[in-house]
Amino acid sequence: MQITAEKKESTTSVATESSKREIFLPPDRERVREGGTPHVSAKNFSIFYGNFEAVKKVNADILSKYVTAIIGPSGCGKSTFLRGINRMNDLIPSCYTTGTLMCDGEDIYGRYTDEVQLRKKIGMVFQKPNPFPKSIFDNIAYGPRLHGVKDKKTLEELVEKSLRKAALWDEVKDRLERNALGLSGGQQQRLCVARTLAVDPDILLLDEPTSALDPKATAKIEDLIEELRGSYTILIVTHNMQQASRVSDYTMFYYEGDLIEYAPTKQLFTNPKDQVTEDYITGRFS
Amino acid sequence: MAERPVHEHIKDLSNSMVILSDKVLKNFSLAMDALHDCDNLSCAQIKLADGEIDASEVRLEEQCLIFLALQQPVAKDLRVIITILKINNDLERIGDLAVHVVERIPEVNSDFVAQFDFQKMGAIAKEMVQKSIQAFVNRDRELAEEVVEMDEELDAMHRGVFKKVSTGIRSADVNETTQFIVSLSISRYIERIGDHATRIAREVLYMITGAIVRHSEGSFEKLIESLKD
């Protein structure tokens, strides 16, 4: 499908435009007041796997402290874009980028960017819960220890704080020394969120975090996103459109590597501007 | 592109609404004929038909709610279902207003009613409802806007009735006073039908554009201005 440069300009300007206007949010989202400041900015940002351009010249600002959902059919580049934000794609030998991707004014792909520090600032949770085969305590303490925290009391405080933030504390406080692999799938995923929060990131990248979970565990993760809204910049890739509309403030729609539409979620799901978006979200794709 | 079952379902709901609008318009036409002839006997038949309209309205609402709960539509699909729900409600109210018209027939005589142009008012109201539904079916923005503009003509005729009543009532005897008041009510019922048609047209505009056009800029000023006449 051909997407003109003009269309890209108009769609990516949506976030910038809307950030200037007063944003009316439903009561449960009124805590988000800080929005409007770009946290991650993509300028003509492309990601290639060899000759294949998986993400094509994206221009967009991810707004600080908002939840942004990324939707699109399989293979559209949404996960690639997400993984590009904390350079997870660096592990793929044929992968390279063009254009710029800035975070807090610093080039994510800059020559002197420290990837370890970058990933401390930009945490990630994956599709399948992946706790380390260690105790619950050690899972959470792993990151802070790596970054030099040695004091036992400080670590204990960090573990409790992170587990509380991830709404898991009450369920595991009496068995912190038990192996994390003994937790249920939903608990394991919240543990992974807690592990990410333990190193005090600014940005959370969630790559289909509930696709392997049952509805009850999914609801807990969605509630957790609601709790974290306004404290972190959150990007969530999801195939579940209802989930995107429930949890996010803004939605990006990718199709064949192009960012087709980027708009406030309530607008995109009630009155999308682009016919391709309309066809996708209403299930009219052939 | 082949339609999916979910979109066929939306078409079915749209068709049910159009069928309901036919029933409502038919009943309204019967009510206007009864008013013309001051025919008390038609009242029971019109009330019976209104009972069927009410039942159809409830059924359609239930179907729409089930569709919303099970299919969770978004974008255009969501707007279509919301519009059907709202139009459904307006049609039911139009049905009630037609019944109100015939309920007042025993209180007036045909010679008295003849001094007011209720048949023309009724014809305009009916045309507005027909056109608003047609605009829904054809997704016709211009036709919907035309309906919104037609409302002014009906409002002006209602204001004309009001003036006539307010003048006539001053020199009227007891019997005539009642007939003047009843005539004003009938005029009001027909004018309200026009308002519902206008609402339907605006709901269609929302369905097409995604923008809510009710209470647009200047509508309050227009209302105040019309009251000065």
Side-chain angles (χ1 to χ4, degrees), chain A residues 1 10-11 14 17-18 21-24 26 67-73 210 215 218-219 222 236 238-256 260-286, chain B residues 1-15 17 63-87 135-142 144-145 199-217:
Chain A
M1 191 189 65
S10 66
T11 52
V14 173
E17 273 296 303
S18 57
R21 292 196 300 267
E22 188 178 0
I23 297 166
F24 296 99
V67 179
T68 302
I70 307 178
I71 60 169
T210 62
T218 297
E222 288 184 11
I236 175 170
T238 178
H239 275 295
N240 183 333
M241 238 105 52
Q242 278 73 39
Q243 180 173 70
S245 63
R246 276 196 300 266
V247 304
S248 70
D249 303 300
Y250 288 90
T251 299
M252 291 175 142
F253 169 60
Y254 277 84
Y255 184 69
E256 294 184 352
I260 303 291
E261 189 159 351
Y262 177 24
T265 298
K266 61 184 176 184
Q267 182 191 311
L268 193 130
F269 281 94
T270 54
N271 194 15
K273 299 292 171 226
D274 198 289
Q275 189 60 43
V276 184
T277 315
E278 174 98 42
D279 289 347
Y280 180 69
I281 63 175
T282 58
R284 285 183 167 85
F285 258 21
S286 55
Chain B
M1 190 184 311
E3 289 284 350
R4 294 176 53 215
V6 64
H7 302 125
E8 291 293 339
H9 197 157
I10 293 174
K11 274 188 186 167
D12 290 344
L13 292 170
S14 300
N15 289 340
M17 194 206 73
Q63 287 167 350
C64 288
L65 292 175
I66 290 168
F67 185 86
L68 284 172
L70 301 187
Q71 303 294 340
Q72 299 161 21
V74 292
K76 189 165 66 185
D77 295 348
L78 174 68
R79 299 204 303 272
V80 171
I81 298 299
I82 293 297
T83 303
I84 291 173
L85 267 172
K86 289 182 155 195
I87 294 177
F136 170 86
V137 172
N138 299 332
R139 310 291 193 260
D140 188 336
R141 185 176 175 168
E142 282 178 15
E145 283 166 348
R199 277 174 58 97
I200 293 173
R202 287 185 168 140
E203 282 145 14
V204 171
L205 287 172
Y206 162 74
M207 180 184 75
I208 298 168
T209 64
I212 297 171
V213 291
R214 285 195 315 277
H215 317 302
S216 55
E217 205 176 327

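Proteins get letters first, then strands, A, B, ... in listed order; numbering begins at 1 in each.
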Shortest non-hydrogen contact from Ala75(B) toward Ile281(A):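 The pair with the smallest heavy-atom distance is CB-CD1, 3.7 Å.
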Do you know the tightest heavy-atom contact between His7(B) and Gly283(A)?
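Nearest pair, atom of His7(B) first, then Gly283(A): CE1-O, 4.1 Å.
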Contact list (residues 77-87 of chain B to chain A, heavy-atom gap under 4.5 Å, by number) returns Asp77(B), Leu78(B), Arg79(B)
Problem set entry | Contacts of Phe67(B) that satisfy ring-ring contact (aromatic ring centres under 6.0 Å, His included) - sequence neighbours left out |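 His9(B).
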Contacts of Gln63(B) meeting side-chain contact (heavy atoms from CB on, under 4.5 Å) (sequence neighbours excluded), chain-then-number -> Leu13(B), Ser16(B), Leu60(B)
Across all chains, not counting sequence neighbours, the side-chain contact (heavy atoms from CB on, under 4.5 Å) partners of Gln72(B) are Gln242(A)
Q: Check whether more than 12 heavy atoms from other residues, nucleotides or ligands sit under 6.0 Å from atom CD of Gln275(A), and answer yes or no.
A: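 Yes - once you tally the heavy atoms of other residues, nucleotides and ligands closer than 6.0 Å, there are more than 12.
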